[in-house]
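Notes follow the structure.
Each chain gets a letter, A, B and so on, in the order its sequence line appears, and its residues count up from 1.
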Amino acid sequence: MYSRLNSVLHVAFLAPCRSIAMVLTFCLLTNIGTALAERSIGHLKTENTETQQQSTLKWILDRLQFQGFASQAFIATSDNDVFGNTDEGGSFGFTELGLNALFRPLPKLQLSAQMLSRRAGKDNTGMPRLDFAFLDYRLYSNETNQFGIRLGRIKNPFGFYNETRDVAFTRPSILLPQSIYFDRTRNLGLSSDSVQLYGETSHAKWGDFTVQFQIGSPNVDDSDTRISLVPTAPGRLSPDISIIGRGLYETPNKRFRFAVSGIWVNIDYDPARMDRFGSGDIEFSPIFISAQYNTERFTFTSEYALRKFRYSGFNNPQYDSLDFFGESFYFQGEYRFNQKWEALLRYDLLFTDRDDRSGKKFAALTGAPAHSRFARDFTVGLRWNITPQIMARFEYHRINGTGWLAPLDNPVSSETTKDWNLFAAQLSFRF
Amino acid sequence: MRKRNTRSYFCILLMSFFFAATKEVTAEGNYRIVAHPSVNESSISKNYLRAIFSMRLRTWQNGLIIKVFVLPDDHSLHHKFSKEQLNLFPYQLRQSWDRLVFSGTGQAPTTVSSSEEMQNRIKNTPGAIGYLETTYINGEIHVLQIK
């Protein structure tokens, strides 16, 4: 049923979207070309070629920004592995590097791209990949209202942290609350090749309201996602039409921030040769509610997610019976002692299946440990802003359950430990 | 053995909390919102100013590209400006700029290292906006009134 609906969506949305994208790109390129040509002609009349080249270079540099970051973490665990072999004295297995370019050739047009290298556990080898690359065209703009379109590979807008989750400076801690921002299926949530419409309106008294809506196809082409979603099936996953939307409200002074986001991801299972599984569909449709309160010294943040999973068409009762809701929640307090030092306190809760919070039903059915179906993570942390460009972080987690542990790094679930501790330190640099 | 290992890290972490001493920001003299003379607006509203410094607006009403200049995050005039004029704490500004830059949906303002550099950039960059202490303001710089 989903695949039929999806093929209709494909025809109805993606085909026109692609042609619109092509036409828009063509128009924009001609526009930039004309702008450059006009400049060159203007200069030809008055100046020689060398200064003309210099001024073209200056014109480009005036409109171009580069940013980058580099973070290295040390992680030690009492038991279980997180980003490397961490339970035998610790590991330096978590590295994040990024570089982006933001180019605004016309006032209404921005071209943005970011390369990202992430080394974290067996699924993230550090191989650089294109994190985002899209064009953003402002269709309408005045003092209080903005409306525009984005085309290309776009970061998925959900929750407070997802779009910048790999930039240590933008996170509240070294590890984001794993109940919401899973690192093991991160590629699924990270970015997607899509079309996004966005609108912003601001009011002096009532505040700012931002809405983003996008339609496209998610990234599912990695082994951690496959093992997490279809652990015993040999075939491959391929993306299908997916929809993401977020509404964000902020008071004028951003004291209160409030967001509701929803995702409707569809993934197809393509059976391998001689596969006992049929060509199945996975529907994953979480809803997120996010709230934040800011004062000069305190920031309180809380997010809740209700995550719907539904498997169908696998011709296998073990999978086709999967139709459940997962539940995630965290509450976090940050305190700024001064510009240099900040402290963090957080309680983070995850239930893979909200109708089986203890995991006992799952354990009886599969023989896997019950503690693999939940996680309660209590975190304390400290952030030290050495300069505005250099930051160090330290944090300690006491964890009950292994619900968000990556299966690639911990392949035998019966060998995982229910109660465990994690210490992490990180040094991060930006420019 | 392993358990003791992470527990000792926890103790170090706890101890470092006590070393996190507080330091207050010292206030500076009078300042104004300033712009390049090409910005032909004499006064702007607080909401307009907030939209500009939040990097949501890309052009002035006459079509000129807006170039935003700020002092470093830990500069006392930056603190004063963001609290008094924008009603935002500097960390909130930095967070919203980071969200724009690292999601690719906007650009960040240009950070200058000192008031001298701010003065220099404002008077030489068409479309520029920033803030300056009154002693740095001369005839080459346009002062914007806040409505």
Side-chain angles (χ1 to χ4, degrees), chain A residues 63 65 67 69 76-79 87-90 98 100 102 104 107-108 110 112-114 132-134 136 138 141 143-144 146 150 154-155 157 163-164 166-167 169-170 198 200 202-204 208 252-254 294 296 336-341 343 380-382 388 394-396 421-423 425, chain B residues 2-10 12-14 16-17 19-25 44-48 50-52 54 56-59 61 63-67 72-74 79 83 86-96 98-108 110-111 125:
Chain A
R63 286 154 181 80
Q65 280 188 2
Q67 272 93 12
F69 56 91
T77 51
S78 60
D79 311 273
D87 64 350
E88 283 164 6
N100 75 36
L102 311 170
R104 199 173 284 173
K108 287 183 168 183
Q110 178 163 325
S112 311
Q114 179 162 288
F132 61 72
F134 61 90
D136 176 335
R138 212 35 92 76
S141 175
E143 201 178 310
T144 50
Q146 267 68 246
R150 296 181 181 125
I154 307 168
K155 301 293 273 186
E163 292 132 288
T164 59
D166 296 309
V167 191
F169 282 89
T170 70
Y198 67 93
E200 298 169 358
S202 79
H203 186 277
D208 305 339
N253 51 15
K254 294 189 200 285
N294 291 297
E296 183 155 27
R336 283 167 285 276
F337 295 97
N338 52 41
Q339 286 166 41
K340 295 273 181 210
W341 293 90
V380 286
L382 195 62
F394 313 92
E395 70 195 41
Y396 183 78
N421 310 324
L422 181 150
F423 169 81
Chain B
R2 283 181 198 162
K3 282 241 162 82
R4 201 176 304 146
N5 198 2
T6 55
R7 212 167 282 162
S8 63
Y9 287 127
F10 177 61
I12 296 169
L13 186 56
L14 209 68
S16 37
F17 276 93
F19 290 102
T22 50
K23 202 180 102 191
E24 282 309 312
V25 183
I44 60 175
S45 70
K46 281 227 164 171
N47 202 35
Y48 195 6
R50 208 163 50 86
I52 289 170
S54 303
R56 284 200 307 271
L57 276 182
R58 296 179 182 178
T59 51
Q61 274 161 4
L64 205 60
I65 294 182
I66 303 175
K67 295 277 180 187
D73 285 11
D74 53 2
H79 277 243
K83 280 197 239 173
L86 307 176
N87 205 3
L88 291 168
F89 302 115
Y91 80 88
Q92 294 177 297
L93 271 177
R94 179 53 64 191
Q95 282 176 358
S96 59
D98 282 350
R99 279 194 289 270
L100 292 177
V101 164
F102 291 109
S103 65
T105 56
Q107 285 191 338
T110 306
T111 304
T125 316

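Across all non-hydrogen atoms, the minimal contact from Ser112(A) to Gly104(B) is OG-O, 2.6 Å. Contact record, Pro107(A) with Gly63(B): CG-O, 4.5 Å, taken as the closest heavy-atom pair.
Residues satisfying the salt bridge (Lys or Arg N to Asp or Glu O under 4.0 Å) criterion with Arg50(B), sequence neighbours excluded, are Asp208(A).
Contact of Arg104(A) with chain B is made through backbone and side chain together, with heavy-atom distances under 4.5 Å. Looking at Arg336(A), only its side chain comes within 4.5 Å of chain B, counting heavy atoms on both sides. Proximity to chain B is limited to the side chain of Gln146(A), based on heavy atoms less than 4.5 angstrom apart. For Pro252(A), the parts lying near chain B are the backbone and the side chain together; criterion is any non-hydrogen pair under 4.5 Å. With a 4.5 Å cut-off on non-hydrogen atoms, Asp136(A) touches chain B through its backbone and its side chain both. When heavy atoms are compared at a cutoff of 4.5 Å, Gln114(A) approaches chain B solely by way of its side chain, counted from C-beta outward.
Between chain A and the residues Ile52(B), Thr125(B), Asp74(B), Thr59(B), the largest count of heavy-atom pairs under 4.5 Å involves Asp74(B). Ranked by non-hydrogen atom pairs under 4.5 Å with chain B, the options Lys155(A), Lys108(A), Glu200(A), Gln65(A) are led by Gln65(A). Each of Leu88(B), Val101(B), Ile44(B) has some count of heavy-atom pairs under 4.5 Å with chain A, and the biggest count is that of Val101(B). When the candidates Arg94(B), Gln95(B), Lys67(B), Arg99(B) are compared by the number of heavy-atom contacts under 4.5 Å with chain A, Arg99(B) comes out ahead. Among Arg138(A), Gln67(A), Arg150(A), Glu163(A), the residue with the largest count of heavy-atom pairs under 4.5 Å with chain B is Arg138(A).
Ring pair Phe102(B)/Phe69(A): centre-to-centre distance below 6.0 Å.
Side-chain contact check for Leu57(B) versus Ser141(A): some heavy-atom pair is nearer than 4.5 Å.
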### Task
Begin from the C-alpha positions of Asn47(B) and Glu143(A) and carry the test side chain to side chain contact (heavy atoms under 4.5 Å, CB included) through to its verdict.
CA-CA 8 Å; Asn47(B) 202 35; Glu143(A) 201 178 310; 5.5 Å; no
#### Entry: Criterion side chain to side chain contact (heavy atoms under 4.5 Å, CB included) on Ser202(A) and Arg56(B), from CA distance to verdict
CA-CA 10 Å; Ser202(A) 79; Arg56(B) 284 200 307 271; 3.4 Å; yes
